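Remember, it's a predicted structure, so these values are computed and weren't measured experimentally. Proteins get letters first, then strands, A, B, ... in listed order; numbering begins at 1 in each.
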Amino acid sequence: MKKSSELSLIKNRDYKKSNELINAKGKGTILSQKLFALGMLHVTVDETHSVVATIAGKELRAAFKSDSGSLYTHIEEACDKSMSSTGATIFDWQILEKDPDKDSLVARQVVTDAEFKDGTLKLRYNNKLTDKIIDLKTNYTILSLSETMSIKSVHTLKLHEILKSAYDLECARTKDNGEHLFYFHNMDLKLRLGIVTARGDRVVAKELAKEYPDYEMITERLNKSGDNKYVEYKDFNKSVIKKAVDELNKKTNLRVKYEGHKVGRLKVGINFWVSKADNKPTGKESVKPVLSDKDKDAILDDLYEVMHCDFKLAEIREICKHADFDKTKILNAYEYMHSYNSSIDIPIAFMKSAISNEYSVESLKKITKVPKNAFNRFEQNTNENFELLEKQLLDN
DNA sequence: ATTCGCGGGAGCCTAACCGC
DNA sequence: GCGGTTAGGCTCCCGCGAAT
């Protein structure tokens, strides 16, 4: 077992999440997902081989942009097992895992223990999932903490994880960073998003354990039992997919287009075309929008989430003014600063200079071959792993 | 003619928020 | 802490146009 000091591996704004956790069909609230992301910043392993995540109160506050006292009450309630019946606590985060012995799916509770004391939150994760949470070598997706924290809807959060994990994998497999197409059956998506659950239906659980589940059959069964949600495609599209894709395009680095996938006249699934928003300036983007004070505040808030460990709010405001509130420029410079190998005397001066010269991690790579902290970088796997990953990915 | 997608919108219910 | 308001998740209905 590794020592705890080696396990606190994420110091920057990105965190890893195993694709098994991402693609597990199960329920999770927006709070549990965000707490998971934050928890990844300080992780240890205890004597029972369970992962323990520690989150300081001030991190919670900054991350959830809350100044009122209600946040703590909120988190206390979320950690209260006695309230679990309402379906609103972090203990209600469950994933479905393939049980190798029984040829079926078993539900696992992800967080088994939570303690909120002296302003610090401690989460203990199911020790059966330890190898899916820390020390990930393969089959994981790098997610941006700031992106995760800025997302409002749980559907967007899950869809982002699903599409990013699929996209990164496909990019690495094909060595093509362009646009890729992914197809999901409506029922598959609803299950992955946690909108519908298999509940106690053994037939459904057994079907889902198959390599190519018959989603039509599952849909029919859930329609009969009344457990299906958004029965009509248009409602699913309007209330879930459209909203999530809009938010995703607005707040994350992914660019997503989609269309219903027709069989006959019925739209039984969805095709997603996914690409990455590049820093390549296009003609459209070079026309600078006029920012209102509200826009500026929003940018300031977003940047504070990312940069509050290194800068005070006033300093971030100064940097914003220097960069004319160009968020991309500032983030590039910030990444550059974190990847810079030598020590930095005056961070704010360094940032301003980096912004003026439009330095980024890319420009640093040209100088130093191996940047210490690579952002948004998908680690290359061996070919053998790829075959395995591909199989898991294309199980639809 | 029928069936479906789609946009718009109403309505119900619950959770979250806010002022006191 | 309480009560009123607002927001979000979900379902249903309407009218139009397109596909079958």
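Judged by closest nucleotide on DNA chain C, A:V240 is the one of A:V240 and A:K234 placed further toward the 5' end. Nearest-nucleotide assignment on DNA chain B puts the 5′-proximal partner with A:E232, out of A:K238 and A:E232.
A 6.0 Å sphere centred on CD of A:E315 holds more than 12 heavy atoms belonging to other residues, nucleotides or ligands.
Phosphate proximity of B:dC6 to A:K267: present, with a side-chain N or O under 4.0 Å from OP1 or OP2.
With values rounded to the nearest 0.5 angstrom, A:F184 atom CZ is found 14.5 Å from A:Y258 atom OH. Within the model, atoms CG of A:L208 and CG of A:D188 stand 8.5 Å from one another, a figure rounded to the nearest 0.5 Å. Taking NE2 of A:H185 as the start and CG of A:L191 as the end, the distance is 10.5 Å to the nearest 0.5 Å. Residue A:E247 holds its CD atom at 10.5 Å from CG of A:N249, rounded to the nearest 0.5 Å.
Between the NZ atom of A:K229 and the P atom of C:dC12 there is a distance of 12 Å, rounded to whole Å. Straight-line distance from the CD atom of A:E259 to the P atom of B:dG5: 14 Å, rounded to whole Å.
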Let me see the working for A:N127 and A:H49 under side chain to side chain donor-acceptor pair (under 3.5 Å), right down to the final yes or no. CA-CA 6 Å; A:N127 60 8; A:H49 198 55; over 6 Å; no

At a cut-off of 3.5 Å, list every protein nitrogen or oxygen paired with a nitrogen or oxygen from nucleotides 18-20 of chain C, distance to 0.1 Å.
from	atom 1	to	atom 2	distance (Å)
C:dA19	N3	A:R265	NH1	2.7

Write down the protein N/O and nucleotide N/O pairs, taken from nucleotides 5-9 of chain C, whose separation is under 3.5 Å; answer none if there are no such pairs.
none

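Cation-pi geometry between A:K190 and A:Y230 is not met at under 6.0 angstrom from the ring centre and within 45 degrees of the axis.
Screening A:L189, A:V240, A:N228 for a side chain to side chain contact (heavy atoms under 4.5 Å, CB included) with A:I195, the sole residue that qualifies is A:V240.
A donor and an acceptor atom sit less than 3.5 Å apart, one in the side chain of A:D235 and one in the base of C:dC12.
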